[in-house]
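For ligands, and for the atoms within them, numbers begin at 1 and follow the listed sequence. These figures come from a predicted structure and were not determined experimentally.
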Amino acid sequence: MIDVDTRKPALGFGSGGVSGPGLLPVGVLATRRVAKAVRLPVMGIGGISKATDVVQYVIAGASLVAIGTAAMQQPRLPGKIVGDLESWCREKRVVLSDLRGSLDWET
Ligand SMILES: Cc1cc2nc3c(=O)[nH]c(=O)nc-3n(C[C@H](O)[C@H](O)[C@H](O)COP(=O)(O)O)c2cc1C
């Protein structure tokens with residue numbers, strides 16, 4: 001974000017300081033790019049507020065995820081997301097780790 005009066009970055013570190021749902025698409029894409037570039041476990045972070053957000057990160061290549069803003073708003077949410085993830089996997093008949101890095105996109 002840009003401060004239009006000073007024409008300087010409006011956020012903390014310049015390109016940082018954004019959190020919450022608006023960050024989800026950026027975080028998922030970054031996770032995909034990093035996961036393709038390294039042979040290390042990658043943590044997905046940014047905008048997670050529900051189980052399918054976690055699934056997006058895993059499909060993009062994340063081995064683990066972190067929840068910031070949503071957990072500050074609702075401290076019990078991470079526990080609920082774990083339960084919802086189990087239900088989602090059961091319903092879809094998938095094992096979460098099998099989805100890791102399974103994005104069907106040639107970019
Ligand atoms: C109030 C607040 C404090 C944060 N403090 C740190 C920090 O000390 N170190 C760090 O690496 N990230 C920090 N972050 C960034 C979060 O770890 C996370 O990358 C970011 O909030 C995006 O995830 P979210 O959308 O789930 O919040 C902070 C975020 C918030 C909202």
Side-chain angles (χ1 to χ4, degrees):
M1 291 186 68
I2 298 170
D3 182 320
V4 295
D5 292 321
T6 63
R7 284 183 256 156
K8 290 181 176 172
L11 296 169
F13 190 62
S15 62
V18 179
S19 71
L23 195 52
L24 184 71
V26 178
V28 170
L29 179 60
T31 298
R32 156 78 170 179
R33 287 179 172 163
V34 172
K36 280 197 83 171
V38 301
R39 300 182 75 173
L40 293 166
V42 174
M43 179 189 287
I45 183 164
I48 294 173
S49 65
K50 59 181 189 289
T52 49
D53 296 341
V54 175
V55 175
Q56 286 195 54
Y57 273 106
V58 171
I59 291 172
S63 294
L64 66 164
V65 298
I67 303 173
T69 302
M72 291 179 211
Q73 292 169 332
Q74 299 178 63
R76 294 181 192 275
L77 188 71
K80 179 183 181 314
I81 288 177
V82 170
D84 289 349
L85 259 179
E86 286 172 351
S87 304
W88 187 89
C89 288
R90 212 175 304 120
E91 189 187 310
K92 301 290 182 185
R93 297 177 184 277
V94 295
V95 176
L96 194 58
S97 58
D98 289 346
L99 297 180
R100 188 187 313 132
S102 64
L103 181 65
D104 186 6
W105 186 35
E106 295 306 320
T107 302

Note to self: Is there a continuous path of hydrophobic side-chain contacts, each under 4.5 Å between heavy atoms, that joins Trp105 to Tyr57?
What the structure shows: yes
Applying side-chain hydrogen bond (donor to acceptor under 3.5 Å, both in side chains) to Ser19 and not counting sequence neighbours gives Thr69
Lys50 meets the salt bridge (Lys or Arg N to Asp or Glu O under 4.0 Å) criterion, sequence neighbours left out, with Asp53
ask   = Same cluster or not: are Leu85 and Ile67 linked, directly or through other Ile, Leu, Val, Met, Phe, Trp or Tyr residues, by side-chain heavy atoms under 4.5 angstrom apart?
value = yes
Using heavy atoms and a strict 4.0 Å limit, residues surrounding ligand 1 turn out to be Ser19, Gly20, Leu23, Ile45, Gly46, Gly47, Ile67, Gly68, Thr69, Met72
Sorted by chain and residue number, the side-chain hydrogen bond (donor to acceptor under 3.5 Å, both in side chains) partners of Lys92 (sequence neighbours excluded) come out as none
Hydrophobic clusters here meaning ILVMFWY residues chained together by side-chain heavy-atom distances under 4.5 Å, can you tell me if Val26 and Val18 are in one?
yes
